[in-house]
Each structure stands twice: as structure tokens, then as C-alpha cells.
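Here's the structure we're looking at; comments come further down.
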2 protein chains.
Amino acid sequence: MSQERPTIELATSPGYLLKVASTALRTAMEEVLRPLGMTITHYSCLELLAQRPGLSNSELARGTFVTRQSMNVLLQSLQRDGLVTRPEQPASGRALPTELTAAGRRQLAGASAAVRGVEDRMLADMDAADRRRLTGLLERCVVALRQE
Amino acid sequence: MSQERPTIELATSPGYLLKVASTALRTAMEEVLRPLGMTITHYSCLELLAQRPGLSNSELARGTFVTRQSMNVLLQSLQRDGLVTRPEQPASGRALPTELTAAGRRQLAGASAAVRGVEDRMLADMDAADRRRLTGLLERCVVALRQE
DNA sequence: GACGGTATGTCAGGATGCTGACATGAGTCA
DNA sequence: TGACTCATGTCAGCATCCTGACATACCGTC
């Protein structure tokens with residue numbers, strides 16, 4: 001089949017490249033997280049909690065790009081497995097602040113190392129200046145898209 | 001607050017930013033395509049066909065990041081709506097080369113303009129050099145992730 | 001104190017996409 | 001030629017996630 005010719009027009013589209021890169025990264029992360037019995041959302045939830053303890057279900061959902069409903073079922077399984085804790089009763093409002101347990105921190109440590117390995121591979125041939133350029137350009141994309 | 005175990009700093013993590021930017025772009029594209037009655041996969045399929053006529057179902061699936069099965073049902077609806085054509089019998093092998101109809105090209109024209117508008121907004125504050133840097137860096141990410 | 005607006009957690013119902021599997025056709029190599 | 005490998009189109013079954021909805025709790029203004 002005629003698949004030795006790459007798509008030339010699409011290859012120059014930043015939007016398409018963004019999708020390609022994001023998909024490649026997600027696939028690579030899934031590959032290293034699967035042996036650990038974790039999904040990307042599972043890992044992202046623990047990572048978020050490590051950096052910002054006490055986040056609510058809805059805040060975790062926004063940070064991991066899923067709905068509140070999906071995060072709710074994930075949190076219940078994480079709680080059942082003893083990786084996170086949530087108070088029975090809300091201290092204020094309805095939000096239940098979530099925190100990592102020692103077991104959760106242990107599991108996160110392994111997963112974080114694996115994910116860092118993927119990220120390092122992605123940036124292997126870039127020096128510090130290139131990495132700063134990449135993050136800076138991506139940030140500008142996000143800001144520009146946010147404003148309607 | 002210093003942490004014992006270094007975790008990934010999400011705010012400056014290229015991987016996380018890649019996800020954020022990709023999600024923001026997808027959301028923005030969905031917003032402009034919804035009034036046209038199209039999904040991103042729907043649009044991407046037409047765009048791919050415009051640039052590379054005669055692609056098979058499987059090739060379209062790979063190019064739009066869905067499975068062959070999902071692309072198959074989409075192609076059937078596109079065919080039913082008269083936007084694409086596929087031969088009844090394969091000329092060789094099993095692949096059925098798909099082509100845009102005039103109606104498909106018309107619909108694509110509107111959608112392509114809308115999507116280009118989104119991309120322009122994303123890159124609004126970047127000059128040509130910045131855009132080249134962005135695409136170049138993204139390409140290097142993809143290449144680095146591809147090799148196991 | 002009452003009210004509207006906003007945010008949260010939670011409960012079904014349904015749409016979307018994927019995994020697994022099968023038969024078929026083409027290319028490869030002994 | 002025959003066995004093997006790979007890719008393709010298609011079918012069924014299932015998992016996943018989202019849309020819609022509701023009750024509740026805070027916060028602002030009046």
C-alpha cells in the first residue's frame with residue numbers, strides 16, 4: 001500500500017501535531033503504567049493529590065480531565081484499596097477533601113518514576129533552553145485558546 | 001514546603017502541558033464544529049480524504065486516532081449522507097478506497113475554515129519563527145516517543 | 001432574614017468507542 | 001506450490017465515559 005509517503009500538509013499543522021504528540025505520550029504512559037495496574041487517570045489523581053493535598057472530587061476531576069462522575073467512582077476504588085482517605089462528613093459545604101495514605105504515596109512513587117522515564121525519553125534530545133521554549137509555547141497556546 | 005520524594009511538577013511538566021493544550025484545542029474545535037453538525041473525527045476524516053484521496057478505512061482510522069471499527073461506522077454514515085463514495089468491490093485486496101463527493105468537499109470547506117480559525121486563534125500571538133519552533137519541537141517529541 | 005446564583009456529591013440512562021474474533025486477500029519464503 | 005505472515009473489512013459483546021437530573025450547602029446582594 002502507498003503509505004511510505006507521509007502527509008505533508010498535515011505535518012505542518014500545529015493542531016494536528018499537538019494531537020499526534022499528545023496521543024503518542026498517552027500511549028507511552030499507558031504502556032508503562034499498565035504493568036503497575038494503573039491507568040493514566042489513576043496516576044494523575046495520585047500525582048495531583050501529592051502536590052495539592054485536600055483537593056475535592058470535583059477539583060480532581062477538572063485537573064485530570066474527566067467528569068465528576070468518573071472521578072467519583074475512581075476515588076471510591078482508591079479509597080477501598082487504601083490509597084486515599086476522605087472524611088465521612090464534610091467539614092464545610094459538601095466537598096470531601098481527599099488525602100493520600102502512606103500506601104498511596106508508595107504506589108505513586110513507582111508510577112511517578114515510570115512516567116518521568118517516559119517524559120525524559122520524549123525530551124531526550126532537547127537541552128534546557130529547548131525545554132523551556134516548548135513549555136512556554138504550549139502555555140501560550142493554552143492561554144490563547146482559553147479566551148473566547 | 002520541601003518534599004522528600006520528588007514528584008513531577010505539574011505546572012511546568014511538558015507532558016502535562018501537552019495534555020492541557022491538546023484538551024483545550026479539542027474543546028475549541030468541538031465548539032466550532034458542533035453548529036455544523038460534525039464531530040472532530042468526522043471533520044478529520046474529510047480533511048484526510050481531501051489531502052490524500054483513496055485512503056482505505058484502516059488508513060483513515062490510523063490518521064484520525066480511532067479504531068477501524070469506529071471509522072467503519074462513520075464511513076457508512078458519511079456514505080449514506082452522500083459525502084464520500086466507496087466502490088462496491090475492492091479493486092485489489094480488501095481495501096475499499098474512499099473518495100470525497102462534491103457535497104463532501106462543500107461540507108469540508110466550511111468546517112476547514114472554522115477549524116483554521118481556531119488554530120489561528122491559538123497561534124495569534126506567535127510570529128512565523130515561533131510557529132516553526134513549536135512544530136519543530138512537537139515533531140521531535142513524537143519521534144523520540146516512537147522509538148522504544 | 002430571604003432570595004438567586006453557584007458549586008458539590010451522587011444517582012440512573014444512554015451513547016460512544018474499544019477489545020476480541022473471524023474470514024478473506026496479498027505478499028514472502030522455502 | 002504450499003505454508004506462513006500480515007493487513008483489511010466486518011461482526012458481536014462489553015467497558016467506559018458522558019449527558020441529564022436532583023438534593024444539598026455555601027455566598028453574595030437586597
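The salt bridge (Lys or Arg N to Asp or Glu O under 4.0 Å) test applied to A:Glu30 returns A:Arg26, not counting sequence neighbours. Every residue meeting the side-chain contact (heavy atoms from CB on, under 4.5 Å) condition with B:Ala50, not counting sequence neighbours, appears here in chain and number order: B:Leu100, B:Leu108. For B:Ser77, the side-chain contact (heavy atoms from CB on, under 4.5 Å) partners are B:Leu74, B:Arg80, not counting sequence neighbours. Every residue meeting the side-chain contact (heavy atoms from CB on, under 4.5 Å) condition with B:Ala111, not counting sequence neighbours, appears here in chain and number order: B:Leu33, B:Leu36, B:Met38, B:Tyr43. B:Leu83 meets the side-chain contact (heavy atoms from CB on, under 4.5 Å) test with B:His42, B:Leu78, B:Asp81, B:Ala103, B:Gln107; sequence neighbours excluded.
Across the protein-nucleic acid pair, A:His42 atom NE2 and D:dT16 atom C1' stand 17 Å apart, rounded to whole Å. The distance from atom CZ of A:Arg26 to atom P of D:dC17 is 11 Å, rounded to the nearest whole Å. If you take CD1 of A:Ile40 and P of D:dC17, they are 11 Å apart, rounded to a whole angstrom. In this structure, A:Met71 atom CE and D:dC18 atom C1' are separated by 14 Å, rounded to whole Å. D:dA15 atom C1' lies 15 Å from atom CG of A:Leu74, rounded to whole Å.
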Nucleic acid footprint by protein, nucleotides 10-17 of chain C - heavy-atom cut-off 4.0 Å, B for base, S for sugar-phosphate alone: BB-----S
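Applying the salt bridge (charged side-chain N to carboxylate O under 4.0 Å, His left out) test to residues at least two apart or on different chains, none of the pairs has a partner in residues 104-114 of chain A.
Between B:Glu31 and B:Pro35 the shortest heavy-atom distance is O-CD, 3.0 Å.
Across the helix from C:dG4-D:dC27 to C:dA30-D:dT1, the helix axis at one end is tilted relative to the axis at the other end by 40° (nearest 10 degrees, each axis from five pairs).
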Identify all side-chain donor-acceptor contacts of residues 60-71 of chain A below 3.5 Å with residues at least two apart in sequence or on another chain.
from, atom 1, to, atom 2, distance (Å)
A:Thr64, OG1, A:Leu60, O, 2.8
A:Thr64, OG1, A:Ala61, O, 3.4
A:Thr67, OG1, A:Ser70, N, 3.3
A:Thr67, OG1, A:Ser70, OG, 3.2

